Amino acid sequence: MLVLVVNAGSSTLKCQLIETDGKKSLMKSLAEKIGQSDATMSLQFLPDGQKKRYAIGGVSIDRCLEKVLELMVSEPGSPISSLEDLDAIGNRIVSGGEYFDRSVIIDDETFPLIRKCEALAPLHNPPADTCIKMMRRMLPETPQVAVFDTAFHQSMPAKAFMYPLPMKYYEKYHIRRYGAHGTSHRYAAQRAADMMHRNIKHMGVITCHLGSGGSICAVEGGKSIDTTMGFTPLDGLMMGTRSGSLDPAIVTYVMRHERLTYDEMDRILNKQSGILGISGTSADMRDVTEAAHAGDERAQLAIDMYVHAVQKAIGSYYALMTHTDAVVLTAGIGENSAELRERIFAGLAHMGMILDKERNDFTGAIGEDRIVSIDDSPIKIFVVTADEEMRIARDTAALVMGEDVH
Ligand code: ADP
């Protein structure tokens with residue numbers, strides 16, 4: 001099935017054309033700084049087309065998506081000749097609120113509920129909804145699916161998702177833990193079960209999505225029972241530019257003393273903190289690792305704090321589950337940094353998570369799902385490739401073919 005995956009952000013639009021039977025990506029496009037005068041877009045047909053760039057200054061997100069569609073049929077080398085060739089569209093939606101515990105076909109019943117979730121992700125959901133509307137108008141016969149970052153975590157019990165605030169804030173504003181990276185955690189846990197030839201329904205798995213954003217999830221019996229991201233993706237682990245969890249009193253303290261507005265404080269917590277805030281040089285773990293090797297003490301502190309936060313979360317989920325069979329690492333840092341994996345598990349061997357140095361260091365296996373623990377480690381450690389676009393495409397194809405995706 002030929003699926004166009006649409007991932008709309010606050011100022012970015014990522015699209016991928018995926019052939020789900022062969023699990024192949026046929027086209028990738030990325031638009032950045034949407035709405036600004038210097039906005040640009042790149043588009044490339046895969047595997048070996050040339051990456052072309054286009055200026056899209058001042059263009060709105062739906063117009064930008066229209067341009068991707070136009071280029072997809074008009075550019076030489078495109079695998080499709082008409083938009084009718086598209087079998088389905090898969091949309092990534094950041095928040096599904098409390099309405100959605102799985103991916104759904106977008107229709108007159110579900111779309112109004114999707115729109116109701118806009119207040120929970122005001123930067124991300126509205127542009128995604130704008131794209132859905134445009135596609136419904138332009139290709140009314142092509143089925144569209146919504147895949148939510150939050151859906152997998154809807155299985156969390158109230159004791160995990162409630163914040164200890166006055167109840168009225170949950171009732172009035174739906175303030176609770178929603179989590180994120182749901183498609184990634186669901187897939188990572190399932191891959192661990194596959195690689196252990198076990199039924200996920202009888203397993204406890206801790207999944208660690210460690211990219212520029214990061215979250216950890218306790219998956220028991222195939223269901224999320226707790227996760228580190230919260231009401232928003234700011235909660236939990238220290239990340240590239242996000243602070244993660246901190247004493248909430250710090251927020252009002254800094255705002256009062258620096259006379260900051262809400263938006264300024266929001267920016268500090270989301271864009272200027274985390275690895276960037278501590279290292280002072282970069283939000284990118286590769287740069288920070290390099291700087292630490294060269295003796296930069298702030299870079300070293302940023303790495304030490306990051307490792308500490310990951311260890312603390314893994315340990316707390318170990319304590320929460322009735323048993324733990326596997327830990328899975330995925331996304332940029334989890335997949336590629338043998339050094340960080342070594343640091344993380346050096347502190348966790350006493351819990352039965354024992355890394356195999358040789359397997360962990362073997363660079364020839366990068367890009368392949370694999371085990372990196374020793375053979376008799378009581379808890380197995382896996383590295384799994386996160387490919388969220390492929391997951392979205394597969395959910396989309398399954399729903400369109402009438403299969404269940406839960
Ligand atoms: P996102 O999709 O959220 O942008 P990714 O999953 O691509 O994030 O992860 C990006 C992060 O992974 C960056 O911090 C990057 O430095 C880090 N990363 C990628 N490769 C390596 C590596 N070899 N060593 C350390 N960090 C790496």
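All values below were derived from every heavy atom in this structure, side-chain atoms included, with hydrogens, water molecules and symmetry-related copies excluded. All ligand and atom numbering here is 1-based and tracks the order in the structure. Source: prediction; values computed, not measured. In this chain, numbering begins with 1 at the start of the sequence shown.
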With distance as the sole test, does Arg370 use its side chain to make a donor-acceptor pair with the main-chain N or O of Glu368 at under 3.5 Å?
-> yes
Ignoring hydrogens and angles, tell me if any N or O in the side chain of Asp107 forms a donor-acceptor pair with the backbone of Thr110 under 3.5 Å.
->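 The answer is yes, because a donor-acceptor pair under 3.5 Å joins these two groups.
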For Glu339 and His293, test the side chains for any donor-to-acceptor distance below 3.5 angstrom and give the result as yes or no.
->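 Per modelled atom types, Glu339 and His293 side chains form a pair under 3.5 Å.
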Under 4.0 Å between a Lys/Arg side-chain N and an Asp/Glu carboxylate O for Lys380 and Asp356?
-> no
Can you check side chain to side chain donor-acceptor pair (under 3.5 Å) on Ser25 and Gln16, steps first, answer last?
-> CA-CA 7 Å; Ser25 179; Gln16 244 188 81; 2.8 Å; yes
Which residue and heavy atom of the protein sit nearest [atom], plus the separation:
atom: atom 26 (N) of ligand 1; value: Met285 CB, 3.6 Å
atom: atom 25 (C) of ligand 1; value: Ser337 CB, 3.6 Å
atom: atom 2 (O) of ligand 1; value: Ser212 OG, 4.6 Å
atom: atom 27 (C) of ligand 1; value: Arg286 CG, 3.7 Å
atom: atom 5 (P) of ligand 1; value: Gly332 N, 3.7 Å

Within-cut-off N or O pair, [X] and ligand 1, under 3.5 Å:
X: Asp284; answer: yes
X: Gly211; answer: no
X: Ile333; answer: yes
X: Leu210; answer: no

How are the rings of His257 and Tyr253 set relative to one another: parallel (under 30°), tilted (30 to 60°) or perpendicular (over 60°)?
->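 Ring orientation, 0 to 90° scale: parallel.
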His185/Ser215 under side chain to side chain donor-acceptor pair (under 3.5 Å): CA gap, chis, key distance, verdict = CA-CA 9 Å; His185 289 297; Ser215 66; 2.8 Å; yes
Mark whether atom 14 (O) of ligand 1 lies under 4.0 angstrom from at least one protein heavy atom.
->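 Under the 4.0 Å cut-off, atom 14 (O) of ligand 1 does have protein heavy-atom neighbours.
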Is the closest heavy atom of Thr289 to ligand 1 under 4.0 Å?
->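 No, Thr289 has no heavy atom closer than 4.0 Å to ligand 1.
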Could you tell me which atoms of ligand 1, counted from 1 in the order shown, lie closer than 4.0 angstrom to a heavy atom of Ala331?
->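 Under 4.0 Å from Ala331, ligand 1 has these atoms: 6 (O).
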Between Asp296 and Gln300, does a side chain to side chain donor-acceptor pair (under 3.5 Å) hold up when you go through it step by step?
-> CA-CA 6 Å; Asp296 183 327; Gln300 190 55 58; over 6 Å; no
